[in-house]
Amino acid sequence: MKNATTTFLNLTQNLRQTDIRTVANYYAAQLQLCCPQSPTSYSVAPKIHAHMIASGFRPRGHILNRLIDVYCKSSDLVYARKLFDRIPEPDIVARTTLIAAYSASGNPKLAVEIFSETPLCIRDSVCYNAMITGYSHNKDGHAAIELFRDMRRKNFQPDDFTFTSVLGALALIADHEEHCQQLHCAVVKSGTGFITSVVNAIISVYVKCASSPLVSSSSLMGAARKLFDEMPVRDELSWTTIITGYVRNNDLDAARHVLDGMNEKLVVAWNAMISGYVHNGFVPEALGMFRKMHLLGIKQDEFTYTSVLSACANAGLFLHGKQIHAYILRTEARLAHDFLLSVNNALITLYWKCGKVDEARKIFNETPVRDLVSWNAILSAYVNAGQIDEARSFFSEMPERNLLTWTVMISGFTHSGFGEEGLKLFNQMKLEGFKPCDYAFAGAITSCAVLAALEHGRQLHAQLVRFGFDSSLSAGNALITMYARCGVVEAAHCVFLTMPYVDSVSWNAMIAALGQHGHGAQAIELFEDMLKEDILPDRITFLTVLSACSHAGLVKEGRRYFDSMYDVYGIRPGEDHYARLIDLLCRAGKFAEAKDVIQTMPFEPGTVIWEALLAGCRIHGNMDLGIKAAERLFEQMPQHDGTYVLLSNMYAHVGRWDDMAKVRKLMRDRRVKKEPGCSWIEVENKVHVFLVDDAMHPEVQAVYNYLEQLRLEMRKLGYVPDTKFVLHDMESEHKEYVLSTHSEKLAVVFGLLKLPLGATVRVFKNLRICGDCHNAFKFMSKVVAREIVVRDGKRFHHFRDGECSCGNYW
DNA sequence: GTAGGGTTAG
């Protein structure tokens, strides 16, 4: 292109002496040099134009049309339109140029505007073709076909371009075999049926139709293959269409077979094959293809790179990914806009998925070009790393958002325990005109799980069915979790049984649902069913299975499953698995065995191990070992207020008053607030709750009444309590109440009970508000306190008269 | 002046 520019500049000097026709020819020649083979050449358009203005040359006719075209191709549609508007009576070529440009840039409205303003007497087939393609680009297959009919009614002759366009439109909407055959006949009648581009288009309709659930994929692919085999002339597109056809219909072997028989070094076809492997999880095959391309000298491009990088990201192959990154830097000198954009986006994903969030951030920060994909990728990075505040700030800074953005943010809130925020965002998303997808529903439903908001969850379930997502895997899994979390195991089971496809997440969720609600034996049974169906258990499966065994007291089975993790499935047990095993043993009173496990573990015991041991000791009233575990916890979690309170109470319980005094002194020094506080120890399947400083509510009977109402009310809300509690007081009788299991939340509830009726309560303890305590607070605000304000991070939850509203502190 | 294939964000 340098040459073109130089020639041009040389022309300037002699321009005035030159004949106007020669000048026009010169400009025409210059504009001719801007061509698709050298897309960057389009950027010369303004220079050529500036030159025309400077030399006093006024472009008209075909030179002006060409100039408009070149401006369109260099993506300056606004300026192209300005030039167009200055033409008193634009001819069909100028109009078609603009129609095509608007169509390609995703602006069909403007294209239609120009098309409909075009008088019928000057219209031609090319113009119709451009408009048909415009609709097709806009995914409006019906409009494209309607225009095709209009064209024929008005006696315009369809040509091969028309058929390729209209077949492209048909591919968007075709889901019946007849669709394909009807058009196929029309094409043959028109006499264009032998033209390669038209046959390619017919094949692509068959291919598209083959992936519709309404037809037999193999018979349509067979028809497509027959057309392909019988083609007299095949071009690059023919090969790509048939290969992508097989890939899209998940017949990777057939695709590979065609590819292997292809002589052309066709990068697009190879890319299609690689992406097929990547989407089906065949990472080694994808990487093998990548290597082979290099060996065969097939020039890789950004599509190749993004696919293999994504393969590495999904498989966690950080070193492979890094090697490819280095290879790209070594091989690619060009830093074209689109190339940089897509490769950098893939790199951001590679790095965060391999746990390198900071590296991902670095690429995001340093890249000179960003688009929505880049923003969504970095948003996912922070959401997945659990850095919800970072994610929130990215979300608010984003220049634009799409459905994916909202969905990622909703699930981010949900997984960080901010159910209310997740639901709010789901509603806001709908208000902003986004139609939720099944993933968005899954996020919202999981929010309900976090909040144990059964009614809301049910409503979302109904909406989900209305939207036609009832066979969605992710939404189904979310429903299982939600119903389980709200205590309605039957509903969870019903969802599980009616899901058309399930994966290990579904199985895990269902096993957990049964295990958490005291159906340990059934949970184990389901796990065995899962193994029978050849579904491979993962780390999560074993966590839920071990918990289930623990709840059901199936010590032997639990031990066996634990041992099978590595022996049979090659999964190394993590600290969390060991914690479950210790929990299992301790609940069964096998303390010696538990101690043995702790001593022979391949790593130093952390807090989860001591918590499990302590929990077991609390159940069995094993104060000696319990105190030891609490002391370890106390060392490892000096910031955790609950441990101080508990340890001090345990010392008091066994009469170690000096130790108790030491801990209490530490508590005072560190300003550990005892309010609201209680601690508990479980003996004989009953939880003994000790109120702070043994200060019992003056009206003990009233407290019991509240608890009883609370229990009933929570049942009404669909929450099924599962543990028995005994409220301790020196003077009164012990009485059992069934409440929630979470001691910290319970502590707050008990703390509230000590207040006079109608008080305003502010709890400034950082407390994550979720499911059971949310409901408890709602109820408490109705029967005990007039108003309750609870702080949860930066958020506050305001409970009043049984209702809750949330907001930000700052 | 008009057509048709491959990628990256959950």
Side-chain angles (χ1 to χ4, degrees), chain A residues 62 65-66 68-69 72-73 90-101 103-104 124-134 136-137 159-169 171 195-205 207 235-245 247-248 266-276 278-279 301-310 313 338-339 341-350 352-353 371-381 383-384 402-412 437-440 442-443 474:
Chain A
H62 72 279
N65 287 349
R66 178 71 188 143
I68 291 172
D69 186 34
C72 286
K73 301 265 164 54
D91 65 7
I92 191 65
V93 176
R95 289 170 188 274
T96 310
T97 305
L98 226 60
I99 291 169
S103 303
D124 62 7
S125 301
V126 180
C127 170
Y128 267 100
N129 294 347
M131 196 58 239
I132 290 172
T133 310
S136 194
H137 266 278
D159 57 10
D160 50 339
F161 277 86
T162 321
F163 278 109
T164 40
S165 305
V166 81
L167 283 162
I195 298 174
T196 305
S197 63
V198 178
V199 184
N200 288 343
I202 300 172
I203 294 176
S204 95
V205 177
V207 160
D235 64 4
E236 294 193 336
L237 225 86
S238 325
W239 288 97
T240 321
T241 309
I242 195 75
I243 290 170
T244 50
V247 167
R248 292 218 178 122
L266 191 55
V267 61
V268 183
W270 281 71
N271 288 345
M273 194 67 235
I274 291 180
S275 87
V278 175
H279 283 131
D301 63 9
E302 65 261 45
F303 294 88
T304 329
Y305 296 137
T306 43
S307 288
V308 287
L309 286 172
S310 142
D338 290 349
F339 177 85
L341 192 58
S342 53
V343 171
N344 274 338
N345 290 344
L347 283 170
I348 292 172
T349 308
L350 168 77
W352 80 251
K353 281 199 179 166
D371 65 355
L372 187 54
V373 177
S374 335
W375 281 94
N376 283 342
I378 198 74
L379 185 72
S380 310
V383 159
N384 271 278
N402 65 2
L403 185 58
L404 191 106
T405 320
W406 288 90
T407 310
V408 169
M409 199 60 217
I410 291 169
S411 71
C437 60
D438 58 335
Y439 282 101
S474 53

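So you know, we letter chains A, B, ... as the sequences are listed, proteins then strands, and number each from 1. Atom set for the values below is all heavy atoms of this structure, side chains included, hydrogens, waters and symmetry mates excluded.
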Spacing of [X] atom [atom1] relative to [N] atom [atom2], expressed in whole Å:
X        : N      : atom1 : atom2 : result
A:Leu404 : B:dT8  : CG    : P     : 13 Å
A:Leu309 : B:dT8  : CG    : C1'   : 9 Å
A:Asn376 : B:dA9  : CG    : P     : 10 Å
A:Phe303 : B:dG5  : CZ    : C1'   : 10 Å
A:Glu302 : B:dT8  : CD    : P     : 12 Å
A:Leu379 : B:dA9  : CG    : P     : 14 Å
A:Tyr439 : B:dG10 : OH    : C1'   : 6 Å
A:Leu98  : B:dT2  : CG    : P     : 12 Å

How would you label the contact of [X] with the nucleic acid (heavy atoms, under 4.0 Å): base, sugar-phosphate, or nothing?
X        : value
A:Arg95  : nothing
A:Leu266 : base
A:Thr133 : sugar-phosphate
A:Ile92  : base
A:Thr97  : sugar-phosphate
A:Asn200 : base
A:His279 : sugar-phosphate
A:Thr407 : base
A:Ser197 : base
A:Asp124 : base

Would you please confirm or rule out a distance under 4.0 Å between OP1 or OP2 of B:dG4 and any side-chain N or O of A:Ser204? no
Does a side-chain N or O of A:Lys353 approach OP1 or OP2 of B:dG10 to a distance below 4.0 Å, or not? yes
CZ of A:Phe161 to CD1 of A:Ile195: how many Å apart, nearest 0.5 Å? 9.5 Å
Spatial distance of atom CG (A:Asn200) from atom OG1 (A:Thr241) [nearest 0.5 Å]: 5.0 Å
Go through [options] for me and flag the one nearest to the [X] side chain.
X        : options             : value
A:Trp352 : B:dT7, B:dA9, B:dA3 : B:dA9
A:Ala100 : B:dT2, B:dA3, B:dA9 : B:dT2
A:Val126 : B:dG4, B:dG1, B:dG5 : B:dG1
A:Val268 : B:dG5, B:dT7, B:dG1 : B:dG5
A:Asn345 : B:dT7, B:dA9, B:dT8 : B:dT8

Pair of N/O donor and acceptor under 3.5 Å linking [N] base with [X] side chain:
X        : N     : answer
A:Thr164 : B:dG4 : no
A:Asn402 : B:dA9 : yes
A:Asp235 : B:dG4 : yes

Is the closest side-chain heavy-atom distance between A:Thr304 and A:Val267 below 4.5 Å? yes
Is A:Phe161 stacked on the base of B:dT2, with ring centres under 5.5 Å apart and planes under 30° apart? yes
Considering residues at least two apart in sequence or located in another chain, which fulfil the side chain to side chain donor-acceptor pair (under 3.5 Å) criterion with A:Ser197? none
Are any side-chain N or O atoms of A:His137 and backbone N or O atoms of A:Thr133, one a donor and one an acceptor, separated by less than 3.5 Å? no
Donor-acceptor contact below 3.5 Å, side chain A:Ser136 vs main chain A:Ile132: no
Side chains of residues 90-97 of chain A: which donor-acceptor pairs under 3.5 Å do they make with residues two or more places apart or in other chains?
residue : atom : partner : partner atom : Å
A:Asp91 : OD1  : A:Asn65 : ND2          : 3.2
A:Asp91 : OD1  : A:Val93 : N            : 3.2
A:Asp91 : OD1  : A:Ala94 : N            : 2.9
A:Asp91 : OD2  : A:Asn65 : ND2          : 3.2
A:Arg95 : NE   : A:Pro90 : O            : 3.2
A:Thr96 : OG1  : A:Ile92 : O            : 2.6
A:Thr97 : OG1  : A:Val93 : O            : 2.7

